[in-house]
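Report on the following structure.
For the numbers below, each heavy atom of this structure counts, side chains included, while hydrogens, waters and symmetry mates do not.
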Amino acid sequence: MSAEPVRVLVTGAAGQIAYSLLFGIAKGDVFGKDQPITLILLDITPMLPVLDGVVMELQDCALPLLREVIPTDKEEVAFKDLDAAILVGSMPRREGMERKDLLKANVAIFKSQGAALEKYAKKTVKVLVVGNPANTNCLIAAKSAPSIPKENFSCLTRLDHNRARSQVAMRCGVPATQVKNVIIWGNHSSTQYPDVHHCKVNMAGSDLACFDAVKDDDWLKGAFISTVQQRGAAVIAARKLSSAMSAAKAICDHMRDIWSGTPEGEFVSMGVYSSSNSYGVAEDLIYSFPVHIKDKQWKIVDGLAINDFSRGKMDATAAELVEERDTAVTFLSA
């Protein structure tokens, strides 16, 4: 056993995504089967009684790797000496709320949490932003923690990636593990572009290009894309609650890949800093790209051919992110 526990923060820890997430982290699915863990759970003061219940349940799981659980409503406790921060908590959009007001409320949260990372966390901390609007919240947190490398910040588009993978797998009648290298480009919003031009499907032992495996170009260029883009809304319509189990699974996948790397010849999607990318995406955005990960460092996969169909969709989601960023930055200086 590695003697030193990793210190992992989950924010919004009394919420429903965290409720599905914490068990996976605590039982070793993310940081390794022999890596002890200290879990720090942050939420707002009114949620502390609920958080106590979550702590009791974690204790009652009697897990071998879980060394300590620290519930708190204080940033100076939550962000101290962190190895990993999973920022799930954010201001949800309320009925009748303008997008601008939502951005403003979230800028305040992620400016504060970025400053707390800067002040208290290890400089090597890996930060995953889940709370929406995730890309822009991630950008604000990164800008508010100038001494932590920008590469240490990412936002979750793995849920969209997994959704895309699963849609293709169901269509081809194979397990999702036989579908690789789907890509989510851009924003974690309904403008995201799920791209299967570089995707491979393993059918009867050999890798086929996705278009050859599916044999339905209209579906791949139409209903497939809109299904993935709108999947979050479809889950809310059905469950009256937003995706939690699938979001938690995606968070575990994302963080595990940062920690352990991606398999040779495979890439995954995550929202990362766009600087010096080779796909003509504007600088200074958190934009979802295909990445390889090795030694806890991601690298954007270069040299993938982009056709006109893809280009238009990649540009549209970039335009939305530029607009979000420009609005958010005005609130940052306020």
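In this structure, CD1 on I306 lies 11.0 Å from CG on D308, to the nearest 0.5 angstrom. Rounding to the nearest 0.5 Å places CD1 of I40 at 10.0 Å from CZ of F79. From F110, atom CZ reaches atom CG of L139 across 12.0 Å, with rounding to the nearest 0.5 Å. Rounding to the nearest 0.5 angstrom, the gap separating the CG atom in L332 from the NZ atom in K143 is 7.5 Å. Atom CD of E264 sits about 8.0 Å away from atom OG1 of T262, to the nearest 0.5 Å. Here the CD1-CG distance, from I70 to L51, works out to 11.5 Å after rounding to the nearest 0.5 Å.
Here the side chains of V127 and Q113 are not in contact, with every heavy-atom distance at 4.5 Å or above. A 4.5 Å side-chain heavy-atom check between I183 and L304 finds at least one atom pair inside the cut-off. At least one side-chain heavy atom of I184 sits under 4.5 Å from a side-chain heavy atom of P194. Counting heavy atoms from C-beta on, the side chains of M170 and V174 never come closer than 4.5 Å. A 4.5 Å side-chain heavy-atom check between P133 and L103 finds at least one atom pair inside the cut-off. Counting only heavy atoms from C-beta outward, the side chains of I86 and I25 approach each other to under 4.5 Å. You'll find the side chain of L285 stays beyond 4.5 Å of the side chain of Y273, heavy atoms only. In this structure, the side chains of L21 and C252 come closer than 4.5 Å at one or more pairs of heavy atoms.
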Working for side chain to side chain contact (heavy atoms under 4.5 Å, CB included), residues F289 and V281: CA-CA 10 Å; F289 290 97; V281 174; 3.9 Å; yes
Run the side chain to side chain contact (heavy atoms under 4.5 Å, CB included) test on Y193 and Q229 for me, step by step, so that the C-alpha distance in whole Å, both residues' side-chain angles and the decisive distance to 0.1 Å come before the verdict. CA-CA 8 Å; Y193 170 42; Q229 287 174 332; 5.6 Å; no
Starting from the C-alpha separation in whole Å, work towards a yes-or-no answer on side chain to side chain contact (heavy atoms under 4.5 Å, CB included) for D195 and M314. CA-CA 10 Å; D195 177 7; M314 288 164 68; 5.5 Å; no
Working for side chain to side chain contact (heavy atoms under 4.5 Å, CB included), residues E266 and N181: CA-CA 6 Å; E266 281 191 42; N181 298 353; 3.9 Å; yes
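Placement of I140 and I286 in two distinct hydrophobic clusters is found when ILVMFWY residues are connected by side-chain heavy-atom separations under 4.5 Å, directly or transitively. Both L128 and V268 belong to a common hydrophobic cluster when Ile, Leu, Val, Met, Phe, Trp and Tyr are linked at side-chain heavy-atom distances under 4.5 angstrom. Both V228 and F267 sit in one connected hydrophobic cluster of ILVMFWY residues. Membership requires side-chain heavy atoms under 4.5 Å apart, directly or through other members. Note: the hydrophobic cluster containing V30 does not contain V125 (ILVMFWY, side chain heavy atoms under 4.5 Å, direct or indirect links). Criterion: ILVMFWY side-chain heavy atoms under 4.5 Å apart, direct or through other members. Under it, V272 and I251 are part of a common hydrophobic cluster.
Under the 4.5 angstrom side-chain criterion for Ile, Leu, Val, Met, Phe, Trp and Tyr, the cluster partners of I44 are M47, V50.
Side-chain polar atoms of E57 and Y19 form a donor-acceptor pair below 3.5 angstrom. No side-chain donor-acceptor contact under 3.5 Å links Q167 and T227. With hydrogens and angles left out, the side-chain atoms of S243 and R163 include a donor and acceptor closer than 3.5 Å. Donor-acceptor pairing under 3.5 Å is lacking for the side chains of K100 and T327. S112 and E75 are linked by a side-chain donor-acceptor pair at a separation below 3.5 angstrom, with hydrogens and angles left out of the test. Remark: the S147 side chain and the E118 side chain contain an N/O donor-acceptor pair separated by less than 3.5 Å.
Residues L41 and A13 come closest through the heavy atom pair CB-CB, 3.5 Å. Across every non-hydrogen atom of V182 and V179, the tightest pair is CG1-CG1, 4.1 Å. Closest of all the heavy-atom pairs between S274 and Y287 is CB-CB, 4.4 Å. Of all heavy-atom pairs between N135 and S288, the closest is ND2-N, 4.3 Å. In this structure, C172 and M203 approach most closely via the heavy-atom pair CB-SD, 3.8 Å. Smallest separation of non-hydrogen atoms from H254 and S154: NE2-OG, 2.9 Å.
Counted within 6.0 Å of CZ on R325, heavy atoms from surrounding residues, nucleotides or ligands total more than 12; the atom is thus considered enclosed. For E283, the CD atom sits in a packed shell: over 12 heavy atoms of surrounding residues, nucleotides or ligands are nearer than 6.0 Å. Enclosure of atom CE in M245 is not indicated, since only 12 or fewer non-hydrogen atoms of other residues, nucleotides or ligands lie within 6.0 angstrom. By the neighbour-count criterion of 12 heavy atoms within 6.0 Å, atom CD of E76 is densely surrounded, having more than that number from other residues, nucleotides or ligands. Counting non-hydrogen atoms of neighbouring residues, nucleotides and ligands closer than 6.0 angstrom, the NZ atom of K123 exceeds 12 such neighbours. Heavy atoms of other residues, nucleotides or ligands lying less than 6.0 angstrom from CG of D217 number more than 12.
Of the possible donor and acceptor atoms, none in the side chain of S166 sits under 3.5 Å from a partner among the backbone N and O of N162. Put simply, the side chain of S260 never gets that close to the backbone of D257: no donor and acceptor are under 3.5 Å apart. In this structure a side-chain-to-backbone donor-acceptor pair under 3.5 Å is missing from T38 to E68. Within the 3.5 Å criterion, the main-chain N or O of L42 finds no donor-acceptor partner in the side chain of T11. Under a 3.5 Å cut-off, the side chain of K240 and the backbone N or O of A237 do form a donor-acceptor pair. Judged by distance alone, the side chain of S269 and the main-chain N or O of T157 form no donor-acceptor pair under 3.5 Å. At least one donor-acceptor pair closer than 3.5 Å links the side chain of W298 to the backbone N or O of E151. When atom types are taken as modelled, the side chain of Q178 and the backbone of K200 share no donor-acceptor pair closer than 3.5 angstrom. Not one N or O on the side chain of D212 forms a donor-acceptor pair closer than 3.5 Å with the backbone of K215. In terms of modelled atom types and a separation under 3.5 Å, the side chain of Q192 and the main chain of S189 share a donor-acceptor contact.
In this structure, R256 pairs ionically with D253, as a charged nitrogen and a carboxylate oxygen lie closer than 4.0 Å. Using a 4.0 Å cut-off between a side-chain N of Lys or Arg and a carboxylate O of Asp or Glu, D101 and K104 do not qualify as a salt bridge. A salt bridge is defined here as a Lys NZ or Arg NE, NH1 or NH2 lying under 4.0 Å from an Asp or Glu carboxylate O, and D83 with K296 fails to meet this definition.
With sequence neighbours excluded, no residue forms a salt bridge (Lys or Arg N to Asp or Glu O under 4.0 Å) with K313. Residues satisfying the ring-ring contact (aromatic ring centres under 6.0 Å, His included) criterion with F153, sequence neighbours excluded, are absent altogether.
For Y279 and W185, the ring centers sit closer than 6.0 Å to each other.
Of the residues listed (D160, N137, T136), the one engaging H188 in a side-chain hydrogen bond (donor to acceptor under 3.5 Å, both in side chains) is D160, and it is the only one.
The aromatic rings of W219 and F224 are tilted relative to each other, their planes meeting at an angle between 30° and 60°.
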